[in-house]
Number of protein chains: 2
Amino acid sequence: MKKHKEILSRFGINKTQFRIDLLSIFFDCKSSLTTHEIFERFNKKINKVTIYRALKSFEQKGLIHQVPDKNNLKKYSLCNLDSCSPDSHNHQHGHFICYSCDQTFCLDDSTIKIIKTSSGHIVKNYNLILEGYCTDCNSSQTIFQN
Amino acid sequence: MKKHKEILSRFGINKTQFRIDLLSIFFDCKSSLTTHEIFERFNKKINKVTIYRALKSFEQKGLIHQVPDKNNLKKYSLCNLDSCSPDSHNHQHGHFICYSCDQTFCLDDSTIKIIKTSSGHIVKNYNLILEGYCTDCNSSQTIFQN
DNA sequence: TAAGAAAACGCAAAAGTGTTGCGTTTATTA
DNA sequence: TAATAAACGCAACACTTTTGCGTTTTCTTA
């Protein structure tokens with residue numbers, strides 16, 4: 001896809017077939033992926049080392065970022081490509097992980113508001129993981145208030 | 001210490017010397033611990049497998065819980081012993097990871113307020129990871145507002 | 001408090017995740 | 001299109017975590 005090639009160029013990454021496909025997978029999934037999941041999506045036809053190196057490269061160039069995972073695996077999400085670059089990552093969104101179907105959903109900025117931390121720490125970045133039951137697995141609405 | 005033995009009993013864990021000492025370490029620790037850090041605190045005199053099994057047991061019984069770590073290692077913190085049990089963990093608080101010293105701090109409920117999710121998902125637990133510079137590494141105050 | 005049952009332990013081995021070195025292939029550039 | 005740089009595959013390695021098994025310790029209860 002032409003769009004993906006342009007993005008790779010813009011972020012200074014060589015346009016190999018694998019990296020075009022990898023970016024495409026991130027666009028399709030719109031959430032986070034483990035190296036294992038990526039390996040599976042390529043039907044194990046690609047070397048794992050290649051995946052690890054591509055992910056490291058994508059991350060350094062500001063295309064994807066790591067997301068903490070429940071099982072402590074390396075997991076990556078597509079960045080907001082307008083606000084991330086090799087110089088700085090800026091992520092202001094959360095993820096929702098379903099207990100039942102294990103899917104990960106992206107939550108856009110407006111769903112979450114973090115009012116303040118009074119801890120005295122200097123916050124440079126944040127990452128929010130919500131866990132529970134997704135809309136499909138439990139079709140009711142909730143307002144979560146702390 | 002008598003208090004620690006009582007807690008182990010209450011959570012249905014056998015009171016071996018190692019597990020008493022391990023619980024004691026968690027009480028002493030301000031933030032969270034990796035298996036490696038625990039191994040070090042026992043001067044490498046205890047088998048690593050024993051540590052892994054004790055942590056798994058403590059977690060299942062509701063005594064400790066996993067916290068996210070920058071380097072994707074398993075890291076554990078003491079639970080709020082009044083709200084966690086073998087049946088359910090209730091962690092609605094954030095973690096702060098320091099860029100400088102790599103420590104993970106638990107932020108209690110009052111420091112963070114999540115106003116709402118309008119996503120339609122049912123939120124059972126949440127995990128908020130804040131990244132930046134901790135009080136010790138950069139001794140100034142901050143209010144973080146989104 | 002002694003005996004049987006259950007849990008915890010140590011050791012060795014293995015599984016899983018991620019990294020490094022190196023020679024080859026592919027893409028970029030000029 | 002030739003030289004340079006980046007990406008790739010393979011093999012080996014490092015590290016964290018898990019599993020199997022026989023032994024030791026703790027718990028239960030009679």
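Labels below follow one simple rule: chain letters A, B, ... track the order of the sequence lines, proteins then strands, and each chain is numbered from 1. Any value given below was found using the heavy atoms of this structure, including those in side chains, with hydrogens, waters and symmetry copies removed.
Rounding to whole angstrom units, CZ of residue A/Phe58 and P of D/dA6 are separated by 16 Å. If you take OH of B/Tyr76 and C1' of D/dT16, they are 11 Å apart, rounded to a whole angstrom. Put simply, NZ on B/Lys45 is 18 Å from C1' on C/dC11, counting in whole angstrom units. Regarding B/Leu33, its CG atom lies at a distance of 15 Å from the P atom of D/dT16, rounded to whole Å. Atoms CD1 (A/Ile20) and P (D/dC8) sit 10 Å apart, rounded to a whole Å. Between the CG atom of B/Leu63 and the P atom of C/dA8 there is a distance of 12 Å, rounded to whole Å. Computed from coordinates, the A/Ile46 CD1 to D/dC8 P distance equals 7 Å when rounded to whole Å. Between B/Lys44 atom NZ and D/dT16 atom P the separation is 11 Å, expressed in whole Å.
With a 4.5 Å cut-off on side-chain heavy atoms, A/Arg41 and A/Leu33 count as touching. Two residues are said to be in side-chain contact when any heavy atoms from C-beta on lie closer than 4.5 Å; B/Val67 and B/Ser32 meet this criterion.
Checked against a 6.0 Å centroid threshold, the rings of B/His65 and B/Tyr76 do not count as neighbours.
When atom types are taken as modelled, the side chain of B/Glu6 and the backbone of B/Lys3 share no donor-acceptor pair closer than 3.5 angstrom. For B/Asn47 (side chain) and B/Val49 (main-chain N/O), a donor-acceptor pair under 3.5 Å exists by modelled atom type.
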Per-nucleotide protein contact string for nucleotides 15-23 of chain C (B base, S sugar-phosphate only, - none; heavy atom under 4.0 Å): --SBBBB--
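For A/Thr16, no side-chain nitrogen or oxygen approaches OP1 or OP2 of C/dT26 to under 4.0 Å. For A/Asn47 and D/dC10, the shortest distance from a side-chain N or O to OP1 or OP2 is below 4.0 Å.
Among the heavy atoms of the strands lying under 4.0 Å from A/Asn14 are primed sugar atoms or P, OP1, OP2 only; no base atom is included.
Contacts of B/Lys44 classified as side-chain contact (heavy atoms from CB on, under 4.5 Å), with partners at least two apart in sequence or in another chain: B/Phe39, B/Glu40.
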Extract all donor-acceptor atom pairs below 3.5 Å that involve side chains of residues 8-25 of chain B and protein atoms in other chains or at least two apart in sequence.
{"unit_1": "B/Ser9", "atom_1": "OG", "unit_2": "B/Lys5", "atom_2": "O", "d": "3.3"}
{"unit_1": "B/Ser9", "atom_1": "OG", "unit_2": "B/Lys15", "atom_2": "NZ", "d": "2.8"}
{"unit_1": "B/Thr16", "atom_1": "OG1", "unit_2": "B/Arg19", "atom_2": "N", "d": "3.3"}
{"unit_1": "B/Gln17", "atom_1": "NE2", "unit_2": "B/Asp21", "atom_2": "OD1", "d": "3.0"}
{"unit_1": "B/Arg19", "atom_1": "NH1", "unit_2": "B/Ser57", "atom_2": "OG", "d": "3.3"}

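Proximity note for A/Lys15 (side chain, C-beta onward) versus C/dT28, D/dC27, D/dC8: the nearest is C/dT28.
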